[in-house]
Engineer: 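There's a structure below that I have some questions on.
Worth knowing before you read on, the calculation uses all heavy atoms, side chains too, and leaves out hydrogens, waters and symmetry mates. Lettering follows sequence order; numbering is per chain, from 1.
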2 protein chains.
Amino acid sequence: MARGTYERQAMVRRSATGRIGIAEVAVKAGVSHATVSRVMNGNFTVDPEIAARVRAAAAELKYQPNPVGRSLALGKTDTIGIVVPDLANPTFQAILRGLSRAAAQDGYRVLIADSFEVSSEEAILAGEARRRCDGLVLCAPRMSDAELEEIVPSLHPLVLINRTTTAADVPSLVVDYGQGVQDLAGHLVDLGHTRLAFLAGPPRSASNGLRLQGLEAFKADHPQVEVLMLEGGSDFDTGHEAVDAVLDSGATGILAFNDLVAMGLMSGLHERGVDVPGDISVTGFDDIPFARYTTPALTTAAVPITELGQQAWEQMRALIRKEENDAPGSRYQPRLEIRASSGPAKAPRTATHG
Amino acid sequence: MARGTYERQAMVRRSATGRIGIAEVAVKAGVSHATVSRVMNGNFTVDPEIAARVRAAAAELKYQPNPVGRSLALGKTDTIGIVVPDLANPTFQAILRGLSRAAAQDGYRVLIADSFEVSSEEAILAGEARRRCDGLVLCAPRMSDAELEEIVPSLHPLVLINRTTTAADVPSLVVDYGQGVQDLAGHLVDLGHTRLAFLAGPPRSASNGLRLQGLEAFKADHPQVEVLMLEGGSDFDTGHEAVDAVLDSGATGILAFNDLVAMGLMSGLHERGVDVPGDISVTGFDDIPFARYTTPALTTAAVPITELGQQAWEQMRALIRKEENDAPGSRYQPRLEIRASSGPAKAPRTATHG
DNA sequence: CGCTTATGAGAAAACGCTTTCTCGGTAGTG
DNA sequence: CACTACCGAGAAAGCGTTTTCTCATAAGCG
């Protein structure tokens, strides 16, 4: 109080924008804004007495630094972006959740961008999100390999999920869908099924491609087993609508693209009076939380999906901090989760019904 | 080309940050950055020939304006924030999705903040998110009324979901859970049930409070019906673990807090060999997409949840644009969705079992 | 006691953009 | 032909911070 010069005015005039800025605090504390900034950032080259005065003024005015100004000065936003093809998909929701939680732990926020499965939008969304953030997680992009390779360099720091690139410094987290689908098919064959059908996912989905490759390998290993391909999608309705095609196929073991499709299919089969797994065995993929609660509980391949979101953040953090990353990316093995929706094959069915 | 003075240097020197900025474009086009800015923003007071030159330079350098600088200058971020108590909850996921989609249509992005049901974190998260964004959607906050009232003024523009405030200019979107639960209870009574049990949700949840109020009203209207209260939560496991309590209660009609709890409960009852709806009728709440695919399909009260997310954006947009809003907030009536999980009551059960 | 070296805080530049202000130049009008 | 009006583009001032630079003051040392 010795100086007595500060806080001349009782009323604080707010800046043009109406919000309290560093300038108001500086005036109230009788110091320059540089000093206020130093205090707010814990710079110890400030006289403790003055620091206390600044802190008091800041507290009284409820001053909170403007993050935009801060971002501009520091060149970072403490925000990362994520682009997903479909926010309605539990898989992407789980990744988002894992990512968001892990990032929050380190003081980062997450900006989301949903491409609604419109692959032509992805590059634009990704670019915009990236410029607003310190890094980007590109989740199962539907764009072509060529397009991906083209935009990847401009997106760094970048973490890819379920997609790979030749570019350096771009960690990829991929799930081994090929192996997973082979495990599921193997499980069905062990149960005596000899005629399987695969209910495929979205054509542009890379993970669908991996499943198809896995099934090719499986067919090569098991020449005695028939594996049919049926068109599909990635949601409930797809599975529900596939009932006729499934019954027509005469297959007794159905590999659905994912759990959602499997649930839709089971629901449809139930309506038709077809017993699962008595008449037909059904398997899903992902092991979403709902899978264990369906009736019958769904046999599926469990993907450690929330962990994947978290891992995405770990990789991103390493990139942002420019740390040496010993394991740039990783490969996740699905774990076979045998439940009640798969059972022994009954007498072979014929290809036509009704 | 008449001037011939621009583009003196073949090599463009990038700014300190390494990224291409407005300055590089200005140099390449031989104009000031003011002019570049004007061209980029479609200001028509620029000579068409110069504008073309600027556009060419921008395209060649792949110039994209830095959103942070832009935000600082314009005082807006084209981003809104949303705070949810639990990103794992399908209800909040759906709200997020509806919000994100609607906002994207108007060129806005969404920043998410998950409080993980830690109510003490909500105020901080909300404040931080708000400062980074042009507005905030506060979704079913768990904080006390007092705390809510205290922080609300500093959060404007603000849209509340499933919570109300006395502050002006804060639209509230609330679902009439009280009416919905009465409808469900009425449905069960119509089926002959006289002993109901309510599997409650999280204690701090306002929507749980509304359900309890609704049930009080219901009890007053139906003195002959017993309505028991059981402790619960909001997820699968809660429902699953409640099996014993439900069976002990002797109730034949169970009102679960939401669809998740109902599904967990049905799964548990199935494991115990209890028939739904033969022995016990179960109802959910929300009508999440999965509800129609459970076995038996779940009777529930449908909440137009994605529409709610969209409405949240409509309100937010009106606030941001400072439009007059004729309907600040709205009240949503759940729609009874009768499916197979509810059926006629069988002979009354005794309070003890086993 | 005078010179050099810390120390601490203000002035100013920087971050990248938008926008007001300013002014040279051209066209239009009496 | 002179004077005003207008148009288009550059200069410069913001937006709200952080950080470097600079300088006054005080302390340390011979």
Engineer: For DNA chain C, determine which residues of residues 68-77 of chain B have any heavy atom closer than 4.0 angstrom to one of its atoms, and list them numerically.
Structural biologist: B:G69, B:R70, B:L72, B:A73, B:L74
Engineer: Any salt bridge between B:R142 and B:E122, counting N to O under 4.0 Å?
Structural biologist: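 Judged by the 4.0 Å cut-off on N to carboxylate O distance, B:R142 and B:E122 do not form a salt bridge.
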Engineer: Closer than 3.5 angstrom, by distance alone: can the side chain of B:D86 be matched with the main-chain N or O of B:F116 as a donor-acceptor pair?
Structural biologist: no
Engineer: In whole Å, what is the span from the CD1 atom of A:I20 to the C1' atom of D:dC15?
Structural biologist: 17 Å
Engineer: Quick one: B:H33 NE2 to D:dG10 C1', roughly how many Å, whole number?
Structural biologist: 9 Å
Engineer: Considering just the side-chain nitrogens and oxygens of B:N41, establish if one lies under 4.0 Å of OP1 or OP2 belonging to C:dT18.
Structural biologist: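 For C:dT18, OP1/OP2 do have a side-chain N/O of B:N41 under 4.0 Å.
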Engineer: With a 4.0 Å cut-off, would you call A:E323 and A:R317 a salt bridge?
Structural biologist: no
Engineer: Closer than 4.0 Å, any side-chain N/O of A:Y63 to the OP1 or OP2 of D:dG16?
Structural biologist: no
Engineer: Take B:D114 and A:S100 through the test side chain to side chain donor-acceptor pair (under 3.5 Å) and record every step on the way to the result.
Structural biologist: CA-CA 8 Å; B:D114 188 343; A:S100 165; 5.3 Å; no
Engineer: Is it true that, when you exclude B:E150 itself, more than 12 heavy atoms of the residues, nucleotides or ligands shown sit nearer than 6.0 Å to its CD?
Structural biologist: no
Engineer: Does B:A34 or A:Q64 map to a spot on DNA chain D nearer the 5' end, using the closest nucleotide for each?
Structural biologist: B:A34
Engineer: Using a 4.0 Å heavy-atom cut-off across all strands, classify A:T45 as base, sugar-phosphate, or nothing.
Structural biologist: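 If one applies the 4.0 Å heavy-atom cut-off, A:T45 turns out to touch the sugar-phosphate alone, with no base involved.
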Engineer: Without decimals, in angstroms, what is the distance between A:M40 CE and D:dT18 C1'?
Structural biologist: 13 Å
Engineer: Students often get this wrong, so: under 4.0 angstrom with heavy atoms, is B:F44 touching a base, only sugar-phosphate, or nothing?
Structural biologist: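 No contact.
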Engineer: For A:E117, is there an ion pair with A:R204 - N to carboxylate O distance below 4.0 angstrom?
Structural biologist: no
Engineer: The helix from C:dC1-D:dG30 to C:dG30-D:dC1: angle between its terminal axes, five pairs each, to 10°?
Structural biologist: 60°
Engineer: Any side-chain heavy atom of B:L138 sitting closer than 4.5 Å to one from B:I161?
Structural biologist: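 No, too far: nothing below the 4.5 Å cut-off.
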Engineer: Taking atom C1' of D:dT18 as reference, at what distance in whole Å does atom CG of A:D78 sit?
Structural biologist: 14 Å
Engineer: Can you give me every donor-acceptor pair (side chain of residues 61-68 of chain B, partner residue at least two apart or in another chain, under 3.5 Å) with its distance?
Structural biologist:
{"from": "B:N66", "atom 1": "OD1", "to": "B:V68", "atom 2": "N", "distance (Å)": "2.7"}
{"from": "B:N66", "atom 1": "OD1", "to": "B:G69", "atom 2": "N", "distance (Å)": "3.3"}

Engineer: Tell me: CG of A:D47 to C1' of D:dA24, nearest whole Å?
Structural biologist: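 In whole Å, D:dA24 C1' and A:D47 CG are 15 Å from each other.
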Engineer: If we ignore hydrogens and angles and just use 3.5 Å, is the side chain of A:S71 paired with the main-chain N or O of A:K76 as donor and acceptor?
Structural biologist: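 A pair under 3.5 Å: yes.
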Engineer: For a quick test of reading the model: is some side-chain N or O of A:S37 closer than 4.0 Å to OP1 or OP2 of D:dT17?
Structural biologist: no
Engineer: Separation of B:R132 atom CZ from D:dT17 atom P, in whole Å?
Structural biologist: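 These atoms are roughly 13 Å apart.
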Engineer: Please give, in whole Å, the distance from D:dG14 C1' to A:N66 CG?
Structural biologist: 14 Å
Engineer: Is there, by distance only and without an angle test, a donor paired with an acceptor across the side chain of A:R19 and the base of D:dG16 below 3.5 Å?
Structural biologist: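 Under the 3.5 Å cut-off, the side chain and the base do not form any donor-acceptor pair.
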Engineer: Any donor-acceptor pair, under 3.5 Å, between the side chain of B:R38 and the base of D:dG10, if you only look at N and O atoms?
Structural biologist: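 When only heavy-atom distances are counted, B:R38 does reach the base of D:dG10 through a donor-acceptor pair under 3.5 Å.
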Engineer: Would a 4.5 Å heavy-atom cut-off, applied to side chains only, mark B:R163 and B:L160 as touching?
Structural biologist: yes
